[in-house]
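In this chain, numbering begins with 1 at the start of the sequence shown.
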Amino acid sequence: MTAVRHVCRYCDEPIPDPDDAVLVAHVASASGPGWNIWAHRAHADLVEPDPVAIRIMARILITQALGS
């Protein structure tokens, strides 16, 4: 079995030390279990939500508000 290698979402660099990896999010998948989003401990506070998902959610909420 091979060791799992994590990549930092903020800087896109590998995280060689497992103690430095911080789980910052989980992305669900319709066809499987999804995947975890990791970051270096120093970058964990700098990771922002996906802007595409935020834009889609804003459109849904605006449509719902204008429809009622």
[X] to [Y] - nearest heavy-atom pair and separation:
X     : Y     : answer
Cys8  : Ala39 : SG-CA, 3.7 Å
Ile54 : Pro49 : CD1-CB, 4.0 Å
Pro18 : Pro16 : CD-O, 3.4 Å
Glu13 : His40 : O-CE1, 4.0 Å
His26 : Gly34 : CE1-C, 4.0 Å
Ala21 : Arg41 : O-NH2, 4.5 Å

Which other residues end up in the same hydrophobic cluster as Leu46, if Ile, Leu, Val, Met, Phe, Trp and Tyr are linked when side-chain heavy atoms come under 4.5 Å apart?
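For the cluster that includes Leu46, the remaining residues are Tyr10, Val22, Val24, Val27, Trp35, Ile37, Val47.
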Can you tell me how far apart [atom1] ([X]) and [atom2] ([Y]) are? Round to the nearest 0.5 Å.
X     : Y     : atom1 : atom2 : value
Ile56 : Leu61 : CD1   : CG    : 12.0 Å
Asp20 : Ile15 : CG    : CD1   : 6.5 Å
Met57 : Asp50 : CE    : CG    : 12.0 Å

Can you list everything that forms a side chain to side chain donor-acceptor pair (under 3.5 Å) with Asp45? Sequence neighbours excluded, please.
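Partners of Asp45 by the side chain to side chain donor-acceptor pair (under 3.5 Å) criterion come out as none, since no residue qualifies.
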